[in-house]
Number of protein chains: 2
Amino acid sequence: MKLINRDTDYAIRALCYIFKHKKKVISASDLVSELRIPRSFLRKILQKLNKKGILKSFKGQGGGFLAAKPADKILLVDLIETFQGKVSLNECFFRKLTCPHKRTCVLRDKLDKIEKQVLKELKRITVVSLLR
Amino acid sequence: MKLINRDTDYAIRALCYIFKHKKKVISASDLVSELRIPRSFLRKILQKLNKKGILKSFKGQGGGFLAAKPADKILLVDLIETFQGKVSLNECFFRKLTCPHKRTCVLRDKLDKIEKQVLKELKRITVVSLLR
DNA sequence: AAGAATGATACCATGTTAGTCTCATTTGTC
DNA sequence: GACAAATGAGACTAACATGGTATCATTCTT
Ligand code: FES
Ligand code: FES
């Protein structure tokens, strides 16, 4: 049961590197040799970060990526949702249909509470807070 | 990202049924027709609960299962760990080896804190609290 | 001895995760 | 303009996890 999968993890590392070299345009190649992440995989991740407006991309020779917003505006929870979908700890299994107990289910209630706590914490973690 | 998988979910339903019919020995067949869980799958789950000392089993004609301890002594977290392994939200991916940053990693620190909170909550939920 | 139950365990189908590959497009430099 | 260096888009794949099935052995009651 992992809160963070590999895509998210790599995204975090890439972002940290990019923020540590602010102002310079960083290419996928730079990141590959620095972070030792498989090239194609990393490229997919960078593209996604670009689409989400977290990075800005520049094509062509000398191109690469720049941060599109300040590090303290990038929340961990946004990265998680970008690569793993909504944080949802409390999906009910009942026959794959909408669960008939949804309104009254005690377990659902309790897990919802836990989810809210986790979400609150995840929203407090930004890329700045990971830069050490 | 689910906190509870299908095995655990089924285990909870089975336990609730068993506790609602305390004293009677409940066979897998009873549970199958009541809960509409695939027979073989449910049997595997019941066996595991037995091995873990949460249920007591009786073989032979008229056999089945009884709760081995009171409902308020069965913690949700125990069920989760029985079927899904230790709750561990903060596994680091770094090259599948022990991570060189383990001591200093800021992210690890923050996720550890979240994990502790979740664990604390999960320990407060028992089967009693799910019986409504 | 027969039948009803669980114990143990191997097997299988499907979905998810992590990763690869190819080709198209854009851009800077000569 | 040609070419090389970069990203964009998206199909494809290998390995693993999840959810479920099937089989045979063992035990217990009658
Ligand atoms: S059983 Fe469906 S929401 Fe709880
Ligand atoms: S990078 Fe390995 S524990 Fe954080």
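Naming convention: chains lettered A, B, ... in sequence-line order (proteins, then strands); numbering from 1 in each chain.
Mapped onto DNA chain C by nearest heavy atom, G62(B) and D7(A) fall at different nucleotides, with G62(B) at the one closer to the 5' end. Between G64(A) and S40(A), the residue anchored closer to the 5' end of DNA chain D is G64(A), taking for each the nucleotide with the nearest heavy atom. The residue among N5(A) and G60(A) whose nearest nucleotide of DNA chain C lies closer to the 5′ end is N5(A).
The pair K86(A)-E81(A) counts as a salt bridge, with a side-chain nitrogen and a carboxylate oxygen less than 4.0 angstrom apart. Salt bridge D9(B)/R13(B): present, at least one basic N to carboxylate O contact under 4.0 Å.
We find the CD1-CD1 distance between I4(A) and I80(A) to be 4.5 Å, quoted to the nearest 0.5 Å.
At least one donor-acceptor pair closer than 3.5 Å links the side chain of Q84(A) to the backbone N or O of N5(A).
Of the candidate nucleotides dG8(D), dT21(D), dT30(D), dT21(D) has the atom lying nearest to any side-chain atom of F41(B). In this structure, the nucleotide among dG28(C), dT7(D), dT29(D) sitting nearest to the side chain of A28(A) is dT7(D).
Between the CE atom of M1(A) and the C1' atom of dT18(D) there is a distance of 14 Å, given to the nearest Å. If you take CZ of R6(A) and C1' of dA15(D), they are 12 Å apart, rounded to a whole angstrom. Taking atom CZ on F58(A) and atom P on dT7(D), their separation rounds to 11 Å, with Å as the unit. One atom, NZ of K2(B), and another, C1' of dT16(C), lie 10 Å apart when rounded to the nearest Å. Atom pair K59(A):NZ and dA5(D):P shows a separation of 17 Å (rounding to whole Å applied). Here dT6(C) presents its C1' atom at 14 Å from CG of D30(B), a figure rounded to the nearest Å. One can place CG of L66(A) at 14 Å from C1' of dA6(D), the figure rounded to the nearest angstrom. Rounded to an integer number of Å, the gap from CG of L42(B) to P of dA8(C) is 16 Å.
Within 4.0 Å of S27(B), counting heavy atoms only, lie sugar-phosphate atoms of the nucleic acid but no base atom.
Evaluation of atom-type donor-acceptor distances gives a pair under 3.5 Å for the side chain of R43(B) against the base of dG7(C). Between the side chain of K44(B) and the base of dG20(D) there is at least one donor-acceptor pair of N/O atoms closer than 3.5 Å.
Residue R39(A) places none of its side-chain N or O atoms closer than 4.0 Å to OP1 or OP2 of dT20(C). In this structure, Y10(B) does not reach the dG19(D) phosphate: none of its side-chain N or O atoms is under 4.0 Å from OP1 or OP2.
In this structure, K56(B) and A68(B) approach most closely via the heavy-atom pair N-CB, 4.0 Å.
Near DNA chain C, meaning a heavy atom under 4.0 Å away, there are no residues from residues 45-57 of chain A.
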Exercise for the section: Evaluate ring-ring contact (aromatic ring centres under 6.0 Å, His included) for Y10(B) paired with F41(B), printing each intermediate quantity in order. Expected result: CA-CA 9 Å; Y10(B) 287 166; F41(B) 197 21; 5.6 Å; yes

Problem - Worked verdict on L55(A) versus L66(A) for side-chain contact (heavy atoms from CB on, under 4.5 Å) - result: CA-CA 6 Å; L55(A) 293 178; L66(A) 271 183; over 6 Å; no

Practice task
Starting from the C-alpha separation in whole Å, work towards a yes-or-no answer on side-chain contact (heavy atoms from CB on, under 4.5 Å) for I45(B) and F83(B).
Solution key: CA-CA 8 Å; I45(B) 290 167; F83(B) 294 101; 3.7 Å; yes

